[in-house]
**Student:** 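Take a look at this one; I'll ask things after.
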Amino acid sequence: MLTAILIGFMGTGKTTVGNVLAINTQQQQIDLDDEIVSAAGKSIKQVFAEDGEAAFRQLETTVLKTAFKRNGILSTGGGVIESETNRAVLEATEIPIIFLKTLPTVILERLTGEDAAVRPLVGQLGPAGLTRLWKKREPLYESISDLTILTDELTPEEVSEKIETFLAQKSAVE
């Protein structure tokens, strides 16, 4: 069974923190975006372009449910909470959901200079659009999370330590 699910906006460090956490807890890290690419046989950008967002979200839900059957740490894509179905699936699980919260100004600093092919939304939306999208998604992340960590001034190792402490306290109570 999954130990933790990491959610948050793009650039918050879900994959990086997931890798550190997986190493520290001797588990595998599962990246939902990588799993979607594998299932689709094409890039996420191609799925959006060729099949549309609705098809992508449907595939995302299927892959998300499949990931629940695996062992490890799951890092989700930033838009996983866009789908009401995905939010319901995440809300229904007993697996701890950790929201890596990073303020828009810090996200923009982190994403500056990244290849537009890797993060097409950055180029499409620009700073104002990304901030609007963050403001739309932030309450959705909050609504399904068991723990929120403000990552702005923390290293991935420090974020992982906070998650490990939370998971240890949670398992001690159970």
Side-chain angles (χ1 to χ4, degrees), residues 2-37 44-45 57 60 64 67 72-84 86-87 89-91 93 95-173:
L2 293 175
T3 305
I5 300 170
L6 306 181
I7 63 170
F9 202 77
M10 71 178 94
T12 60
K14 296 177 302 291
T15 299
T16 304
V17 169
N19 281 325
V20 172
L21 185 59
I23 290 166
N24 289 350
T25 59
Q26 299 180 330
Q27 299 181 70
Q28 70 172 330
Q29 197 259 359
I30 303 159
D31 187 285
L32 193 64
D33 285 348
D34 290 346
E35 298 294 313
I36 292 167
V37 168
I44 289 174
K45 187 176 178 179
R57 295 292 171 206
E60 183 179 52
L64 178 64
I73 307 297
L74 178 64
S75 301
T76 63
V80 72
I81 46 80
E82 288 283 339
S83 158
E84 198 173 313
N86 288 346
R87 287 195 308 275
V89 166
L90 289 164
E91 282 178 312
T93 185
I95 302 163
I97 297 175
I98 317 299
F99 170 30
L100 302 185
K101 181 176 180 176
T102 307
L103 296 177
T105 51
V106 177
I107 291 170
L108 287 166
E109 285 172 20
R110 290 180 184 177
L111 298 180
T112 299
E114 279 214 5
D115 184 4
V118 176
R119 306 236 193 225
L121 270 181
V122 175
Q124 290 170 12
L125 297 177
L130 275 176
T131 300
R132 276 192 305 279
L133 184 60
W134 182 91
K135 285 179 180 177
K136 174 188 164 202
R137 289 180 178 177
E138 196 263 347
L140 300 175
Y141 297 128
E142 287 283 358
S143 73
I144 63 168
S145 66
D146 297 302
L147 174 68
T148 298
I149 299 173
L150 186 62
T151 68
D152 292 1
E153 297 182 16
L154 299 175
T155 66
E157 291 75 16
E158 291 168 328
V159 175
S160 180
E161 286 173 24
K162 287 183 178 291
I163 296 169
E164 290 169 56
T165 300
F166 172 77
L167 295 174
Q169 291 170 344
K170 189 167 175 52
S171 68
V173 172

**Student:** Can you see which heavy atom on Ser75 is nearest to which on Gln29, and at what distance?
**Tutor:** OG-NE2, 2.6 Å
**Student:** Could you go step by step and tell me if Leu64 and Leu90 meet the side chain to side chain contact (heavy atoms under 4.5 Å, CB included) rule?
**Tutor:** CA-CA 9 Å; Leu64 178 64; Leu90 289 164; 4.2 Å; yes
**Student:** Might you point out which heavy atoms bring Pro156 and Thr16 nearest each other, and give the distance in Å?
**Tutor:** CG-CG2, 3.7 Å
**Student:** Can any side-chain N or O of Thr165 pair as donor or acceptor with the backbone N or O of Glu161 at less than 3.5 Å?
**Tutor:**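 Indeed, once roles are kept as given, a pair shorter than 3.5 Å links the two residues.
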**Student:** If you draw a 6.0 Å radius around CD in Glu91, do more than 12 non-hydrogen atoms from other residues or ligands fall strictly inside?
**Tutor:**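 Enclosed: over 12 neighbouring heavy atoms sit under 6.0 Å from CD of Glu91.
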**Student:** Do the side chain of Asp152 and the main chain of Leu103 share a donor and acceptor less than 3.5 angstrom apart?
**Tutor:** yes
**Student:** When rounded to the nearest 0.5 angstrom, what distance separates OG1 in Thr15 from CD1 in Ile73?
**Tutor:** 12.5 Å
**Student:** Which atom names give the shortest non-hydrogen contact between Glu60 and Val80, and what distance separates them?
**Tutor:** OE2-CA, 3.5 Å
**Student:** Quick one: are Pro96 and Leu147 in side-chain contact, heavy atoms under 4.5 Å?
**Tutor:**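 The answer is no; the side chains never approach within 4.5 Å.
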**Student:** Show the nearest heavy-atom pair for residues Trp134 and Ile107, with the distance to one decimal.
**Tutor:** CD1-CD1, 3.7 Å
**Student:** Nearest 0.5 Å, what's the CG-CD1 distance between Leu167 and Ile95?
**Tutor:** 11.5 Å
**Student:** Minimum heavy-atom separation for Glu153 and Glu158, please, with both atom names.
**Tutor:**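 Shortest heavy-atom contact: O-OE1, 4.0 Å.
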**Student:** Report the distance from atom CG of Leu140 to atom CG of Asn86, rounding to the nearest 0.5 Å.
**Tutor:**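 Spacing of CG (Leu140) from CG (Asn86) equals 11.5 Å.
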**Student:** Against Ile5, only a single residue in Asp146, Thr93, Ile144 fulfils side chain to side chain contact (heavy atoms under 4.5 Å, CB included); can you say which?
**Tutor:** Thr93
**Student:** Output all residues satisfying salt bridge (Lys or Arg N to Asp or Glu O under 4.0 Å) with Glu142, sequence neighbours left out; order by chain, then residue number.
**Tutor:**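 Glu142: salt bridge (Lys or Arg N to Asp or Glu O under 4.0 Å) contacts with Lys101.
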**Student:** Take Leu2 and Ile30, measure what side chain to side chain contact (heavy atoms under 4.5 Å, CB included) needs, and give me the verdict at the end.
**Tutor:** CA-CA 9 Å; Leu2 293 175; Ile30 303 159; 3.8 Å; yes
**Student:** Is the side chain of Arg110 donor-acceptor paired with the backbone N or O of Gly11 at a distance under 3.5 Å, no angle test?
**Tutor:** yes
**Student:** Indicate yes or no for a side-chain donor-acceptor contact from Lys14 to the backbone of Leu74 under 3.5 Å, with no hydrogens or angles considered.
**Tutor:**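 No: the side chain of Lys14 does not pair with the backbone of Leu74.
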**Student:** Show the nearest heavy-atom pair for residues Ile7 and Ser145, with the distance to one decimal.
**Tutor:**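 Ile7 and Ser145 have their closest heavy atoms at CD1-CB, 4.3 Å.
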**Student:** Report yes if the side chains of Leu108 and Thr131 come closer than 4.5 Å at any heavy-atom pair, otherwise no.
**Tutor:** yes
**Student:** Does Leu6 form a side chain to side chain contact (heavy atoms under 4.5 Å, CB included) with Ile163? I'd like the steps, not just the answer.
**Tutor:** CA-CA 10 Å; Leu6 306 181; Ile163 296 169; 3.8 Å; yes
**Student:** Taking Glu157's backbone N and O only, do any of them form a donor-acceptor pair with Ser160's side chain (distance below 3.5 Å, no angle check)?
**Tutor:**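 Here the side-chain-to-backbone pair does not exist.
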**Student:** From Lys135 NZ over to Leu133 CG, what is the distance, rounded to the nearest 0.5 angstrom?
**Tutor:**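 Between atom NZ of Lys135 and atom CG of Leu133 there are 12.0 Å.
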**Student:** Within a radius of less than 6.0 Å around NZ of Lys170, do more than 12 heavy atoms belonging to other residues, nucleotides or ligands occur?
**Tutor:** yes
**Student:** What residues form a salt bridge (Lys or Arg N to Asp or Glu O under 4.0 Å) with Lys162, not counting sequence neighbours?
**Tutor:**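 Result, salt bridge (Lys or Arg N to Asp or Glu O under 4.0 Å) vs Lys162: none returned.
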**Student:** Start with the C-alpha distance between Thr25 and Thr3, add both sets of side-chain angles, then the distance that settles side chain to side chain contact (heavy atoms under 4.5 Å, CB included), and finish with yes or no.
**Tutor:** CA-CA 9 Å; Thr25 59; Thr3 305; 5.9 Å; no
**Student:** Any side-chain to backbone donor/acceptor pair from Tyr141 onto Leu100? Under 3.5 Å, distance only.
**Tutor:** no
**Student:** For the pair Thr12 (side chain) and Phe9 (backbone), establish whether a donor and an acceptor sit closer than 3.5 Å, ignoring hydrogens and angles.
**Tutor:**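 Between the backbone of Phe9 and the side chain of Thr12 there is a qualifying donor-acceptor contact (under 3.5 Å).
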